**Student:** 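One structure, pasted below without further comment.
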Amino acid sequence: MLKPLLFVSTIVLFGITAASAPGPEPQKAAPASASDQKNSIKSAEKSQARAKELYGQDCAICHGNTGDGKTDLAKDMGVTLGDWTDSKTLAGKQEQELFDAIRNGKGKMPPEAVGRAKDDEVRSLIHYIRSLAKLQPVAAPETPAAPVVPVAPVAPPATN
Ligand code: HEC
């Protein structure tokens with residue numbers, strides 16, 4: 001009759017040891033949605049950094065660092081390039097149209113080879129050149145604010 005008793009006390013002892021052990025590690029990982037969001041922001045930042053780098057290497061020589069297209073090379077080529085610092089320049093252009101121009105070349109513009117920029121890098125470039133307009137300092141508004149028209153006070157209804 002001693003064995004079962006020993007068995008029980010072993011369990012009790014073990015239980016106490018387990019209970020006194022440090023609790024489970026506090027969760028380190030943030031909730032999945034938050035970390036996913038962080039990752040996608042990170043990868044967007046990364047692809048824009050890559051686009052900026054590519055732009056500087058392959059595009060700025062003609063289109064200019066700011067994207068205004070006023071470069072010596074453009075002048076020497078006798079071409080007038082769109083000013084991308086004005087958001088209106090690219091606003092009406094379809095993604096595909098810009099993609100084809102970059103990938104296949106257009107007029108005097110050489111194509112951006114697949115070996116230089118993969119398709120998603122070209123899409124990042126498009127995102128980047130569209131963002132150039134937003135990087136410009138905001139110009140002062142051209143039209144003054146509408147004058148405030150004074151409203152004649154309404155006379156209260158006469159009471160007797
Ligand atoms: C050798 C000079 C040159 C280089 C380098 C160059 N471009 Fe161009 N780009 C041009 C010219 C010229 C045009 C105008 C083509 C036309 O309309 O005939 C043009 C047009 C474009 C257009 C079309 C805009 C529109 O209004 O349709 C986009 C987009 C563009 N370039 C993006 C880029 C990007 C991105 C790069 C770098 C990967 C780049 N270009 C490199 C000369 C250049």
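Note that ligands are numbered from 1 as they come in the structure, with each ligand's atoms numbered from 1 the same way. Because the structure is predicted, anything quoted here is derived from the model rather than measured.
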**Student:** Other residues, nucleotides and ligands only: do more than 12 of their heavy atoms fall within 6.0 Å of CG on Leu73?
**Tutor:** yes
**Student:** Report the part of Lys93 (side chain from C-beta onward, or backbone N, CA, C, O) that has a heavy atom under 4.0 Å from ligand 1; answer both or neither where that applies.
**Tutor:** side chain
**Student:** Of the protein's non-hydrogen atoms, which lies at the shortest distance from atom 18 (O) of ligand 1, and what is that distance?
**Tutor:** Gly107 CA, 3.7 Å
**Student:** Report yes if some N/O of His63 lies less than 3.5 Å from some N/O of ligand 1; otherwise report no.
**Tutor:** yes
**Student:** Hey, does Asp58 come in under 3.5 Å of ligand 1, counting only N/O atoms on both sides?
**Tutor:** no
**Student:** Identify, for atom 17 (O) of ligand 1, the protein heavy atom at the shortest distance, and state residue, atom and that distance.
**Tutor:** Lys106 CE, 3.5 Å
**Student:** Identify, for atom 3 (C) of ligand 1, the protein heavy atom at the shortest distance, and state residue, atom and that distance.
**Tutor:** Cys62 SG, 2.7 Å
**Student:** Starting from atom 38 (C) of ligand 1, what is the nearest protein heavy atom, named by residue and atom, and what distance separates them?
**Tutor:** Cys59 SG, 2.6 Å
**Student:** Less than 4.0 angstrom from a charged side-chain N to a carboxylate O is my criterion; do Asp86 and Lys88 meet it?
**Tutor:** yes
**Student:** Indicate, as side chain, backbone, both or neither, the part of Leu54 found under 4.0 angstrom from ligand 1 when only non-hydrogen atoms are considered.
**Tutor:** neither
**Student:** Hey, could you give me the CZ/CH2 distance between Arg130 and Trp84, rounded to the nearest 0.5 Å?
**Tutor:** 11.0 Å
**Student:** Would you mind checking which non-hydrogen protein atom is closest to atom 14 (C) of ligand 1, with the distance to 0.1 Å?
**Tutor:** Leu81 CD2, 4.0 Å
**Student:** Return the closest protein heavy atom for atom 28 (C) of ligand 1 as residue, atom name and distance.
**Tutor:** Trp84 CZ2, 3.7 Å
**Student:** I'd like to check which ligand 1 atoms, numbered from 1 as shown, lie under 4.0 Å from a non-hydrogen atom of Glu112.
**Tutor:** 38 (C)
**Student:** For atom 23 (C) of ligand 1, what's the nearest protein heavy-atom neighbour? Residue, atom name and distance, please.
**Tutor:** Ala101 CB, 4.0 Å
**Student:** So does Met77 get a backbone contact from the side chain of Lys108, meaning a donor-acceptor N/O pair under 3.5 Å?
**Tutor:** yes
**Student:** Main chain of Asp83, side chain of Thr89: is a donor-acceptor contact present, judged purely on distance under 3.5 Å?
**Tutor:** yes
**Student:** Between Arg103 and Asp119, does any side-chain N to carboxylate O distance fall below 4.0 Å?
**Tutor:** yes
**Student:** Which ligand 1 atoms does Pro110 reach within 4.0 Å, using its non-hydrogen atoms?
**Tutor:** 1 (C), 3 (C)
**Student:** Could you check atom 42 (C) of ligand 1 against the protein and tell me its nearest heavy-atom contact, residue, atom and distance included?
**Tutor:** Met109 CB, 3.5 Å
**Student:** Mind checking whether Phe99 contacts ligand 1 via backbone (N, CA, C, O), side chain (CB onward), both or neither, at a 4.0 Å heavy-atom cut-off?
**Tutor:** neither
**Student:** If you take all heavy atoms of Ile126 and Leu98, which pair is closest and at what distance?
**Tutor:** CG2-CD1, 3.8 Å
**Student:** Considering only heavy atoms of Leu98, which atoms of ligand 1 have at least one such atom less than 4.0 Å away?
**Tutor:** 29 (C)
**Student:** Identify the two heavy atoms, one from Cys59 and one from Leu125, that lie closest to each other, and give their separation to 0.1 Å.
**Tutor:** SG-CD2, 4.3 Å
**Student:** Charged N to carboxylate O below 4.0 Å: is that the case for Glu45 and Lys42?
**Tutor:** no
**Student:** Is there a donor-acceptor pair under 3.5 Å between the side chain of Tyr128 and the backbone N or O of Leu54?
**Tutor:** no
